[in-house]
Amino acid sequence: MSEFIPGYNHKTIEAKWQERWQKHACFQAENFSEKPKYYALVEFPYPSGVGMHIGHMRAYMSLEVISRKRRMEGYNVMFPLGFDAFGLPTENYALKHNIHPRTVTDDNIASFLEHIKKTGFSFDLSRKVDTTDPEYYKFTQWIFLKMYEHDLVYRSKTYVNFCPDCKVVLSNEESQGGSCDRCGSDVVQKEKDVWFLKITAYAEKLLEGLKHFDSPQRIATEQEKWIGKSFGAEMRFPLKDQPDYLEVFTTRPDTVFGATFMVIAPEHQIIDRYKDTIHNMDAIEAYRQQAKLKTEFERVQLQKDKSGVRLEGLMAMNPFTQRPIPIFIADYVMITYGTGAIMAVPGHDQRDYDFAKKYDLPIIEVIQGGDLSQAAFTDIEQGILINSGFLNGLSVKQAIHTMIQHLESQNLGHEKIQYKMKDWAFNRQRYWGEPIPIIYCPTCGIQPVPYEDLPVRLPMVEHFQPTESGDSPLANIESFIHCSCPKCKGPARRETDTMPQWAGSSWYFLRYMDPKNPEVLASMDLLKYWGPIDWYNGGMEHVTRHLIYSRFWNHFLHDIGVVPFGEPYLKRTAQGLILGEDGEKMSKSRGNVVNPLEIISEYGADTLRAYILFIGDYEMATPWNENGLKGCRRFLDKIWRLIPKVVDRPEQSDAIETSVHKTIKGVNDDYENLKFNTAIAKMMTLVNEMGQLDHVRRHDFEVLLKLLNPIAPHLCEEVWEMLAHKTMLVAESWPTFDPEKLIEDQVEIVININGKVRDKMMLEVDADDARVTERALEREKVREWIQDKPIRKIIVVTNKLINIVI
RNA sequence: GCCGGUGUGGUGAAAUUGGUAGACACGAUGGACUCAAAAUCCAUUGCCUUAAACAAGCGUGUCGGUUCGAGUCCGACCACCGGUACCA
């Protein structure tokens, strides 16, 4: 790795300009400037121990280029960075090495900042935020309390992964394959009280907002699918011989005449309600126990193999056929979706069909068009209702509509819009997170912490090991737990759970606009000036979680009048992964990780920045290849070697004038469209052309420096200074092109014969069809091909080609 | 299974609305410079036939279609990557 590379000295040049930019605060955004504002945002990092990796650099480089370009275009640019520093890896590292997470976090942030500087990023670090700073999480807690005040927070029971041996709650990641990460014993589902944020109340707003969201289709589609809106009906099925009913959600109310049984989730309450009526409770309980033990992993494996148990002694009535139908419990019905109960229509739902075949239940055809001896017929675009009373003869869509009207008029049910998105389980049994600002009083019950008592500080203690009971480590800290009730002033206990990793990142982009404000999360004036975010870039992996969560919080803050805009992001893009040289995802365990600091030391930051952009399509995954790096370094060295050729005299300028203007246009457009790889290729071409000349006109060379500056700013500043400029390149304006200069006077016309290239000729620009034809037919090669065959057709594309069909 | 994406030289990859496939770069080969090497510069570099081409043929995952003309559009399929998971 210590190969000697001649050319410019990147070490001295890069350090020099990094110092100078810092000294002159070149990248500080100015509040209320006269210039138009531009807010470019990248996802803030989790400051892990290894510091910045190649993936971070790629994620930041797009808007780094755009920010530097925007500044030259005359915008007041805010391009901030901060740290999302709460989280499990830090806590685990701290436990293992017996260092406090605060110390670990501070160290990691310091080294990350050092890496940022060494790569020459133009972040405004005077605005940096740290989610673990009490002055920051004070407002994270404040937002939680506001949501509590507006009934968007509730407490409810849910099932969590639990290891009975370790007595600890596990995350999905810690219980993969159904066994505990620590001891290997089987994980069970345990019911637990959980704080929920009612994000489903914002489902419609989040969906609606996507319409005004500038992003590649894949990003909007993923969010749409995550929200998972479906349209249907809720309807009631009476129980036989009981004054009671089962309510189901269905997207196919039209098929109700074909409902021959019902299935409810194992957890459904009706089972306990009728435990004296049901006479096979032993079998039911056994199945419920078994379902509880089933992990996510097993459920996936057993997907096709449906099992269930019939409730003996309890039947439902199909309200339309008036026939009694059996009720089953089966784990293919989820308690968390819809009503936890379904009407099973085996003729027109594949899962119900499989279940009916297994348990030998009747299958009734109510929509004509399929072959029910083979599979359920589920096509909603075609098929006519049969065996369905008043629906007979209707199409599926008509029948759905008619049925819903009927249900509502007869008071049997109603239209229902259902979402797949679930409310957000908002607590974790962990130390290194924001304490949830709630107090339990033995007399007054659950009490929110008064706003003026915020922040509820995380106690800085030495021991924060997880507890045996599965409670948060905070439950062991006496000084934290005990407090007084805000209402009756009597002794009370604090909530000991903390917020999830996603909390602090759900509003950080607002804090950048006013990072030091002690009173409010950000002042209205500054929010109005800077917001919303003009361009947000980040990873695809955050599109469904972080993006949805943060949009939810922002909409809420907008609704309560704290933030002046509903949708926080005007535009969102996502970078592709950089894979290891072996084409696999970079990871420590695979040993294919590339360390940016080593590359910077050997080749320089500018080379690394250029290569990260040149490596391939920015939005797609691509493998790392160290050889490509050398090409980028050679490109920068070539520019360095051009310096002696630079002259003030204008002769020679005509030779590459068109190229210069074309390059300005091409590079400009490519930057805006994230096509950095082709932008660099265009500049390489221009540099190669300049290399052919004896002299390079100063103006042309300076255009090149400006275009390249967003990518290789250190080198460009240095060369700019060598050209006897007193001001910095960061303060220069972005080059423009003259559309007239793009036009060449001669173009190459391709001559096709029967669609195959047979000849080429140079011709003046915009020659008309007749002239192109005439000149083409004069050509010897063309005549040889045609000989005496008749010409059937001639197609001319101006300035491009002529196709002669014979 | 479903949804999304991708498939182009030895390699990373380019290619406005269908209009010269392989830009740019890496690597490789030959040459110049050098005592030599590195660096730099020049030339060649999709495959095949050929002594060589100024020549012909083939070529963008597979098969078929539309068109004067298809990497690009349409239909069927295959492979890989990512997301998701019994959502009624």
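Numbered from 1 within each chain, the chains take letters A, B, ... in sequence-line order. All values derive from a computational prediction rather than experimental measurement.
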J.: Return yes when atom CZ of A/R783 has more than 12 non-hydrogen atoms of other residues, nucleotides or ligands closer than 6.0 Å, and no otherwise.
T.: yes
J.: B/G12 C1' sits how many Å from A/F676 CZ, rounded?
T.: 18 Å
J.: Please determine if a side-chain N or O atom of A/R634 lies less than 4.0 Å away from the OP1 or OP2 oxygen of B/C26.
T.: yes
J.: Return the nucleotide paired to B/C77: Watson-Crick means purine N1 to pyrimidine N3 with N6-O4 or O6-N4, wobble means G-U with N1-O2 and O6-N3, both under 3.5 Å.
T.: B/G61
J.: Determine the contact category for A/K682: base if any of its heavy atoms lies under 4.0 Å from a base atom, sugar-phosphate if only primed atoms, P, OP1 or OP2 are that close, otherwise nothing.
T.: nothing
J.: Take atom C1' in B/G1 and the same atom in B/G9, then report the distance between them in whole Å.
T.: 37 Å
J.: Base, sugar-phosphate, or nothing for A/W785, non-hydrogen atoms under 4.0 angstrom?
T.: sugar-phosphate
J.: Does OP1 or OP2 of B/A13 have a side-chain N or O of A/T622 closer than 4.0 Å?
T.: yes
J.: Please work out if A/I615 contacts a base, only the sugar-phosphate, or nothing of the nucleic acid, heavy-atom cut-off 4.0 Å.
T.: sugar-phosphate
J.: Just call it for A/Q223: base, sugar-phosphate, or nothing, with non-hydrogen atoms closer than 4.0 Å on any strand.
T.: nothing
J.: Would the A/F614 and A/F635 ring centres measure less than 6.0 Å apart?
T.: no
J.: What pair of heavy atoms forms the shortest contact from A/E602 to A/H10, and how long is it?
T.: O-CE1, 3.1 Å
J.: OP1 or OP2 of B/C24 less than 4.0 angstrom from a side-chain nitrogen or oxygen of A/N677, does that happen here?
T.: no
J.: Counting the benzene-type ring for Trp, do A/F355 and A/F261 have ring centres under 6.0 Å apart?
T.: yes
J.: Checking all strands, does A/F614 fall into the base, sugar-phosphate, or nothing category for heavy-atom contacts under 4.0 angstrom?
T.: base
J.: To the nearest Å, give me how far apart CG (A/L629) and P (B/G12) are.
T.: 17 Å
J.: Using the P atom in both, what is the distance from B/G59 to B/G10, to the nearest Å?
T.: 16 Å
J.: Test the A/R236-A/Y245 pair against the cation-pi criterion, namely NZ or CZ under 6.0 angstrom from the six-membered ring centroid and within 45° of the ring axis.
T.: yes
J.: Which nucleotide, in any strand shown, forms a Watson-Crick or G-U wobble pair with B/G18, with both distances under 3.5 Å?
T.: none
J.: If we count only N and O atoms by modelled type, under 3.5 Å, do the side chains of A/E43 and A/H546 hold a donor and an acceptor together?
T.: no
J.: In whole angstrom, give me the gap between the C1' atoms of B/A70 and B/G64.
T.: 14 Å
J.: When you measure only distances, ignoring hydrogens and angles, does the side chain of A/E222 come within 3.5 Å of the base of B/U84 through a donor and an acceptor?
T.: no
J.: Quick one: is A/R351 getting a side-chain N or O under 4.0 Å of the B/G1 phosphate, OP1 or OP2?
T.: no
J.: Who does B/G27 pair with, Watson-Crick or G-U, both distances under 3.5 Å?
T.: B/U45
J.: From CD of A/E584 over to C1' of B/C80, roughly how many Å is that when rounded to an integer?
T.: 12 Å
J.: Using the P atom on both, measure B/A14 against B/U67 and round to a whole Å.
T.: 32 Å
J.: When syn is taken as a glycosidic angle within 90 degrees of 0, is B/G9 syn or anti?
T.: syn
J.: Now, which nucleotide makes the Watson-Crick or G-U wobble pair with B/C54, with each of the two distances under 3.5 Å?
T.: none
J.: Ring-plane angle category for A/H348 and A/F377, please: parallel below 30°, perpendicular beyond 60°, tilted otherwise.
T.: perpendicular
J.: Using a cut-off of less than 4.0 Å, is there contact between a side-chain N or O of A/K225 and OP1 or OP2 of B/C3?
T.: no
J.: Tell me what A/R758 touches on the nucleic acid: a base, only sugar-phosphate, or nothing, going by heavy atoms under 4.0 Å.
T.: sugar-phosphate
J.: Using the C1' atoms only, state how far B/C48 lies from B/C3, rounded to an integer number of Å.
T.: 42 Å
J.: How far, in whole Å, is B/G57 from B/G61 if one measures between their C1' atoms?
T.: 22 Å
J.: So what does A/V797 hit on the nucleic acid, given a heavy-atom distance under 4.0 Å: a base, only sugar-phosphate, or nothing?
T.: base
J.: Please determine whether a side-chain nitrogen or oxygen atom of A/N625 lies at a distance below 4.0 Å from atom OP1 or OP2 of B/A13.
T.: no
J.: Contact class for A/R641 vs. all strands (heavy atom < 4.0 Å): base, sugar-phosphate, or nothing?
T.: sugar-phosphate
J.: Classify the nucleic acid contact of A/M620 as base, sugar-phosphate or nothing, counting any heavy atom under 4.0 Å across all strands shown.
T.: sugar-phosphate
J.: A/R218 side chain N/O closer than 4.0 Å to the phosphate oxygens (OP1, OP2) of B/C3?
T.: no
J.: In whole angstrom, give me the gap between the P atoms of B/G4 and B/U11.
T.: 30 Å
J.: Whether the side chain of A/K800 and the base of B/U17 hold a donor-acceptor pair under 3.5 Å is what I'd like checked.
T.: yes
J.: When you measure from the side-chain N and O atoms of A/Q217 to the phosphate of B/C3, is any distance below 4.0 Å, counting only OP1 and OP2?
T.: no
J.: So is A/R641 actually on top of A/Y8's ring, under 6.0 Å and inside 45° of the axis?
T.: no
J.: What's the gap between B/G19 and B/A25 when it is taken at their P atoms, as a whole Å value?
T.: 24 Å
J.: What integer distance in Å separates A/M683:CE from B/A23:P?
T.: 19 Å
